[in-house]
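Inspection log for the structure reproduced underneath, given as structure tokens.
As a basis for the values below, the full set of heavy atoms in this structure was taken, side chains included, without hydrogen atoms, waters or symmetry mates. In what follows, chains are A, B, ... by sequence order, proteins preceding strands, each numbered from 1.
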Amino acid sequence: MTTNPEFTNVAEDLEWRGALFDATPGAAHALATEKIRCYNGFDPTASSLHIGNLVAIMGLVRLQQYGHTPIALVGGGTGMIGDPSGRSNERTLMSVAEIDDNVEAIRLQLEPFLDFKAKSNPARMVNNADWLRTTELLPFLRDVGKHFTVNTMMGRDSVKDRFGRDNGISFTEFSYQLLQAYDFLTLFERDHVGFQAGGSDQWGNILGGVDLIRRIHGADSAGRPRAHGIAYPLVVDSNGEKFGKSIGGAPTLDPGQTSPYKLYQYFLNVSDADAVPYVKLFTLLNQVQIGGLAEAVTAEPQKREAQKTLAEEVTRTVHGQGGLNQALKITQAFFGGDISALTADEMEDVLEGSSMAEVSRNQLSGDGIRFSELAVNAGAGKSGGDVRRTIEQGGMYLNGEQISDAGRMVSTEDLVEGRLLVIRRGRKNYSLVKLAD
RNA sequence: GCAGGGAUUGGGGAGUGGUUAAACCCAGCAGACUGUAAAUCUGCCGCUUGACGGCUUCGCAGGUUCGAAUCCUGCUCCCUGCACCA
């Protein structure tokens, strides 16, 4: 980690990185003059965070760098209701067990980013299930509900958008905004948390909380609001596409779902126009370092200095040095030379986490198994026809050798060191087939 | 409940008796070019086959017909009015 002394406060830093979309009046001032506590919520809608969450995560990291106290909130309570923001349709409710599993998974993913042992400003993790699940309806309606008018609630974009739609919006999701505001209020009262950060899609929810706190607690002695919010921009690429759309959905932070290699590759392949903005948003590199990269992109774009740095930095922060090493090793193996030069051990190591299948010795004995069938089993194609077409277009390889016939039989003779087969589809998709014992 | 409209291949959306595995767009996949980029270009994009072809698809179930995504009947779900309830 690079500690960053070049800006006098985190607001300036975020601003420079293009990571500040909006902030409540006085927020920047407070960030510059006080040591504050700021929370950021993460929805347990999936079992893993994805790279879209990185902006928010890095936001907490940067806050901590500047001496503020970051608090990561996992939404074990709000997840039971579902945030209508950005959704065109009503959510399907998840089971409590599923929510709790996701909460736990996300908690584990967030931990490595933050320093929970810092002396003056240790990070903290909270779960709003702890208070929301035990909140009683009537007191809630009297104490919290009274501060909201339905008129305002209906004016929210996330709600308004749904009025015009086929399925409308349920009362359940309509009430979501109260919950998130109540979260902020709870943390404010209980833990003196005066800041909430989140993506721009959360801006309305953040303001809801700021507003609720103001209604209940008023302004401070100097007449300034007691609670503030900041919002990060929605990251889009240079084509205006939402960041994170890629082959097979948004890359996740879970190495089981998106291997370090894949994550590395995702960032390595970012376009020139996006490279520097992404470095700013997703890494802790400082102005000087990033300035150098910007020059490199202009002078020698083909070297892809910025992309390489971006991919390395992100992979290291997400998966550690070990994950990065693995990603680099695979990259070198696949793009440096001929993979058929690798030993079986190396192949196995390198392909750890990519799609994998097993074949029995039986299937390979005699004439063996048709390549197309094997490829489908290994996840290198969705059907025999799909594999055949790809072969016709010259996109299938077995152990580094191009396949020209879908009917080619694969037998024990093809095994690398008698135990492995490597199928490659296209430029960079590999599948491993192991011989079952 | 009544009346009207709708349900098509991942998404959007054509198609109203055969020439339709089903236009077109998006997404996706492969190839070329390149810098493992962008843009562009080419091919593919239900299952199966070396190919000809075969098979299964247009909400569900039946029927009419030589032949149906297209016509009829019933059912399910959705939308829009009206009504009922309050």
Side-chain angles (χ1 to χ4, degrees), chain A residues 87-90 92 162-170 236-251 258-279 293-312 314-315 324 327-339 350 354-355 367 370-398 400-409 423-431:
Chain A
R87 308 267 310 186
S88 54
N89 285 304
E90 186 78 12
T92 309
R162 293 272 289 278
F163 285 164
R165 291 193 170 265
D166 294 355
N167 302 322
I169 181 169
S170 67
V236 291
D237 66 21
S238 48
N239 293 322
E241 296 281 332
K242 198 172 166 184
F243 170 70
K245 292 275 168 131
S246 84
I247 328 93
T258 307
S259 66
Y261 164 69
K262 280 193 183 139
L263 187 74
Y264 179 88
Q265 285 291 324
Y266 177 83
F267 283 102
L268 187 64
N269 282 305
V270 152
S271 74
D272 292 355
D274 294 323
V276 169
Y278 283 4
V279 171
L293 291 175
E295 276 173 39
V297 171
T298 314
E300 300 177 295
Q302 70 281 4
K303 282 199 169 174
R304 302 189 322 170
E305 243 358 279
Q307 282 94 330
K308 279 181 190 162
T309 310
L310 172 67
E312 279 177 25
V314 174
T315 309
L324 173 60
L328 289 173
K329 189 171 162 190
I330 302 176
T331 296
Q332 209 160 24
F334 288 167
F335 295 95
D338 183 3
I339 61 147
V350 136
S354 70
S355 66
D367 288 342
R370 292 172 57 90
F371 176 79
S372 56
E373 196 185 328
L374 185 74
V376 172
N377 288 342
K382 33 180 207 264
S383 70
D386 179 42
V387 171
R388 194 172 330 101
R389 278 180 234 113
T390 309
I391 290 173
E392 278 162 19
Q393 307 188 99
M396 278 290 185
Y397 300 78
L398 176 65
E401 212 171 297
Q402 191 170 41
I403 298 293
S404 56
D405 172 19
R408 180 199 192 283
M409 299 309 286
I423 296 170
R424 170 182 145 205
R425 179 192 173 115
R427 189 74 186 97
K428 47 200 167 191
N429 301 298
Y430 291 82
S431 308

Counterpart residues, side-chain contact (heavy atoms from CB on, under 4.5 Å), relative to A:Gln393 (two or more places apart): none

Pair partner, B:A7 [Watson-Crick or wobble, under 3.5 Å]: B:U76

Sticking with atom C1', work out how far B:G15 lies from B:U9, rounded to a whole angstrom. 13 Å

Point-to-point distance, once rounded to the nearest 0.5 Å, from OG1 of A:Thr331 to CG of A:Leu324: 9.0 Å

Is there a side-chain contact between A:Ile391 and A:Phe371 (heavy atoms, below 4.5 Å)? yes

What interatomic distance, in whole Å, is found between C1' of B:G5 and the corresponding atom of B:A86? 29 Å

Check: B:U36 base within 3.5 Å donor-acceptor of A:Gln265 side chain: yes

With a distance cut-off below 6.0 Å to the six-membered ring centre and an angular limit of 45° from the axis, does A:Arg424 pair with A:Tyr397 as a cation-pi contact? yes

Any protein N or O atoms within reach of nucleotides 21-23 of chain B? Criterion: under 3.5 Å, listing atom names and distances.
none

Only distances under 3.5 Å count here; give the side-chain donor-acceptor pairs of residues 296-307 of chain A to other protein atoms, sequence neighbours excluded, each with its distance to 0.1 Å.
from: A:Thr298; atom 1: OG1; to: A:Ala294; atom 2: O; distance (Å): 3.0
from: A:Gln307; atom 1: NE2; to: A:Val270; atom 2: O; distance (Å): 3.0
from: A:Gln307; atom 1: NE2; to: A:Asp272; atom 2: OD1; distance (Å): 3.0

How long is the straight-line distance from OG1 of A:Thr315 back to OH of A:Tyr266, given to the nearest 0.5 Å? 12.5 Å

Taking B:A38 as the reference, what is the distance to B:G31 when you measure between their P atoms (whole Å, please)? 14 Å

Between P of B:G31 and CE of A:Met396, the distance in whole Å: 10 Å

Applying a 3.5 Å limit to both distances, which nucleotide forms a Watson-Crick or G-U wobble pair with B:A22? none

Could you state the CZ-C1' distance from A:Arg427 to B:C33, rounded to the nearest angstrom? 14 Å

All side chain to side chain donor-acceptor pair (under 3.5 Å) counterparts of A:Arg389, not counting sequence neighbours: none

Using heavy atoms to find the nearest nucleotide of RNA chain B for A:Tyr397 and A:Tyr264 separately, return the residue whose nucleotide is more 5′. A:Tyr397

Which value, in whole Å, describes the distance between the P atoms of nucleotides B:A14 and B:G6? 11 Å

Return a single string for nucleotides 43-50 of chain B, one symbol per nucleotide in 5' to 3' order, where B is base contact, S is sugar-phosphate-only contact and - is none, cutoff 4.0 angstrom on heavy atoms. BSS-SSBS

Rounded distance in Å between the P positions of B:C60 and B:C44: 29 Å

Less than 4.0 angstrom between a side-chain N/O of A:Asn429 and OP1 or OP2 of B:A30, yes or no? yes

Once you round it to whole Å, what is the distance between P of B:U36 and CG of A:Leu263? 20 Å

Expressed in whole Å, how much space separates the P atoms belonging to B:G10 and B:C58? 12 Å

Check the distance between B:U34's C1' and A:Asn269's CG and give it to me in whole angstrom. 13 Å

Grab the CD-P distance between A:Gln332 and B:U36 for me, whole Å please. 15 Å

Rounded to whole angstrom, note down the P distance from B:C75 over to B:C24. 38 Å

For A:Tyr264, what residues pass the ring-ring contact (aromatic ring centres under 6.0 Å, His included) criterion, not counting sequence neighbours? none

Considering only distance and modelled atom types, tabulate donor-acceptor pairs under 3.5 Å from the side chains of residues 380-388 of chain A, sequence neighbours left out.
from: A:Ser383; atom 1: OG; to: A:Gly385; atom 2: N; distance (Å): 3.4
from: A:Ser383; atom 1: OG; to: A:Asp386; atom 2: N; distance (Å): 3.2
from: A:Asp386; atom 1: OD2; to: A:Lys382; atom 2: N; distance (Å): 3.0
from: A:Asp386; atom 1: OD2; to: A:Arg425; atom 2: NH1; distance (Å): 3.1

Grab the two heavy atoms, one from A:Ala378 and one from A:Ile423, that are nearest each other, plus how far apart they are. CB-CD1, 4.0 Å

Enter the distance from A:Ile403:CD1 to A:Leu398:CG here, rounded to the nearest 0.5 Å. 4.5 Å

To the nearest Å, how far apart are A:Arg424 CZ and B:A30 C1'? 12 Å

Base partner of B:G1, which must satisfy Watson-Crick or wobble distances under 3.5 Å: B:C82

Measure the distance from CG on A:Leu310 to P on B:A37 and round it to the nearest whole Å. 16 Å

Rounded distance in Å between the P positions of B:C25 and B:C45: 15 Å

